[in-house]
Protein chains: 2
Amino acid sequence: MSEVIATYRLFDRNGNFEKKAEGIALGLTIGSWTDLPHLEQEQLKKHKGGVVSIQETGRETAEGKEADITIAYPAANFSADLPAILVTVFGKLSLDGVIRLMDLDFSHDLAKRFPGPKYGVEGIRERTGVYGRPLVMSIFKGVIGRDLSYMEKQLRAQLEGGIDIVKDDEILFDNKLTSFEERLKLGQQVIAESGKKALYAVNLTGRTSDLKEKARRGIELGATAYLFNVFAYGLDVLQELAEDRDIPVPIMAHPAVSGAFTSAPYHGFSTELMLGKLVRMAGADFTLFPSPYGSVALEREAALKTAEMALEESIYKQTFPVPSAGIHPGLVPVLFEDFGIDSIINAGGGVHGHPNGAAGGGRAFRQAVDAVTAGRTLEEAAKNREDLRAALELWGTGK
Amino acid sequence: MSEVIATYRLFDRNGNFEKKAEGIALGLTIGSWTDLPHLEQEQLKKHKGGVVSIQETGRETAEGKEADITIAYPAANFSADLPAILVTVFGKLSLDGVIRLMDLDFSHDLAKRFPGPKYGVEGIRERTGVYGRPLVMSIFKGVIGRDLSYMEKQLRAQLEGGIDIVKDDEILFDNKLTSFEERLKLGQQVIAESGKKALYAVNLTGRTSDLKEKARRGIELGATAYLFNVFAYGLDVLQELAEDRDIPVPIMAHPAVSGAFTSAPYHGFSTELMLGKLVRMAGADFTLFPSPYGSVALEREAALKTAEMALEESIYKQTFPVPSAGIHPGLVPVLFEDFGIDSIINAGGGVHGHPNGAAGGGRAFRQAVDAVTAGRTLEEAAKNREDLRAALELWGTGK
């Protein structure tokens, strides 16, 4: 059957989950059932929501007993777009007390209506020529109020350090000092001069209906990737960018604003659903999410699940997981262990704060990655790797 | 100064709010300050975020002491669009532990860049010819899986009952049985035949970049208002619809999905900011939000503040507040008291569940409104008003 199955975590003081689940399944579809004449039941059957399962977790919180319930919504009730699906499964319901949408499962025919990543892990490896190891990414630092020459220095240093992908800060918008166009031209020039296949993810910003045209214009100026604050716009906007054949570069989904609906324990959406499954479905080639290590930390389990959903077997290409914040070279073995080879090691301060500058920071990361890939400890490798040694001295190893 | 001032509610076990506030003000703008050379400080001064105030609320929660802090973000740092502003003030920060964005204040020059409602309270009164009382609105009930004739009966009954505005259910999307176009044609025909100036808010749904064209096409078919699930799309998409001169009808913002980021007590956005201030700024002529009375209830204070922000003196036209859910005719005196004349009385079950059908429900509401307007109690008025009497018998009076 063509449907979407939603898993909710909810609470009830009396543990009366059957009634609650039935109320949702009917209330969010045809409204009523038992009091309908047989003929109308026949007519409405294929629109009726159904309770698939109810599982008490055994936990008891201040909100009452906890259970995960799953409800099936027939696709006959909505158009095949994420706004319609989100309104169906969590429109009114999001306002109905303490409830969290944990997961959505789409039947195959419905899933096929969504694009998934245009390039994905494999396509990005082709574009960067990097195989057999995580890619190393870094972010421009403190560029607000600075001019192009300031960015140029940073970009050169990062590329010199062997960084595979450089990204804009998500709070860098179109501005007079470093406009979208000027940044793109700079990026193309500096990358060309470096002789490397690095990507530069430029922040695609502005009014919603201008984004496609702007992205296409950027392609003509040599754009190699776009950063996109999907949750300040909407998942469907990401999908439209991903579907556009005239925007033939990977898109990096930034989690900005998503904490508003993922951070509370018993409300909103699970992080893995939003930053793992749905951004992938909508077409993100990369998904950034808080790492479990930094000060802005995500629970380890949610971070691992997010990466898992970005990579798991599905009809879509794989989305590169990018656990971010608090990353320094000493964490590379932990990153390998937690996120494996198909992930991006992404650092800001861990690159720019290196005693030998961003180039040193980049080298230290690459040396750490090479060490782990070769099965050596960082301490061993650091013996004849000056940049890695300096990084370990400054930041230590492990979490 | 051109800026946006954000008020956050946050928590700290040690009550060290100064450090936290300074960290936000710098971290979300220029990054660092004290260690910069004088010349760079001069250059970056106009980009530097600043702490405006820190007010401990005196409350102590499980998260620590509570405080409201306000931070000013120079407009020089972002483009004048809501995605850029939300990413600036609550992008990374939304992911940073327990923090809630309570309010945003825009300097006049920045506020002027946003449209506000195209029609607002006054324009809607002109279009409906209703003055001196709240408007009465009702919603189609259980139309999923039903055909046009089913909707037609409901629409006729609601209009016959004196309903001023009829709206689609937010979970009714474009579908074969009752397509967007067919619903519009039906609405135009039935309203014309009724001889009334009622509005019918059709749900504007589909892919983001198709919305404008679809809305314009709807205008040609006689659309009188649009319902829009703004939070499944994005505030900027609402703004683009509001700014479009070829969509000359009022837009009704539905709160679907917004509970994901307003319902948790210490995370996300305040309801009044999202459903009151920002939807108005972006151009909603109506804003629906949970009433404080129903089973899906909003705290009374948040509901009143939402209505206040929709109506308060500003450079924008007023947005009609529509407290929704759990509304029946017996609540009309309470609605007058809480929300005043410039509000919409919106009911689903309270219209359709009336013993005399939707027409009777509509009449009961109008009779209740007339009674309160004339300074009479509902009980008095019900003596010679059969529909009101039946409603009070069924649902009682008060909350």
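Here is how names work: the chains are called A, B, and so on, in the same order as the sequence lines, proteins then strands, and each is numbered from 1. Heavy atoms only: backbone and side chains are in, while hydrogens, waters and symmetry mates are out.
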Of the backbone (N, CA, C, O) and the side chain (C-beta and beyond), which part of A:Ser263 lies under 4.5 Å from a heavy atom of chain B, both, or neither? both
Report which part of B:Pro74 has an atom under 4.5 Å of a heavy atom belonging to chain A: side chain, backbone, both, or neither. neither
Give, as side chain, backbone, both or neither, the part of A:Asn203 having an atom under 4.5 angstrom from any heavy atom of chain B. neither
Looking at A:Val257, A:Asn77, A:Leu44, which one has more heavy-atom pairs under 4.5 Å with chain B than the rest? A:Val257
Does any backbone or side-chain atom of B:Lys176 lie under 4.5 Å from a heavy atom of chain A? Answer side chain, backbone, both or neither. neither
Give a yes or no on whether the backbone of A:Gly145 and the side-chain of B:Gln43 come within a donor-acceptor separation of less than 3.5 Å. yes
Give the member of A:Ala264, A:Ser79, A:Ser32, A:Gly234 that has the highest number of heavy-atom pairs under 4.5 Å with chain B. A:Ala264
Quick one about A:Thr208 and B:Asp236 (side-chain donor to acceptor, distance below 3.5 Å, no hydrogens or angles considered), yes or no? yes
Pair count under 4.5 Å, heavy atoms only, with chain B: among A:Phe78, A:Phe90, A:Tyr233, highest is A:Tyr233
Side chain from CB out, backbone as N, CA, C, O: work out which of these in B:Glu40 comes under 4.5 Å of a heavy atom of chain A, or both, or neither. side chain
Could you look at A:Arg100 and say if it's the side chain, the backbone, both or neither that has a heavy atom under 4.5 Å from chain B? neither
Is it the case that the side chain of B:Glu240 and the backbone of A:Ser209 share a donor-acceptor pair, with hydrogens and angles ignored and the cut-off at 3.5 Å? yes
Where on A:Leu36 is there a heavy atom nearer than 4.5 Å to chain B: the side chain, the backbone, both, or neither? side chain
All salt bridge (Lys or Arg N to Asp or Glu O under 4.0 Å) counterparts of A:Lys46, not counting sequence neighbours: none
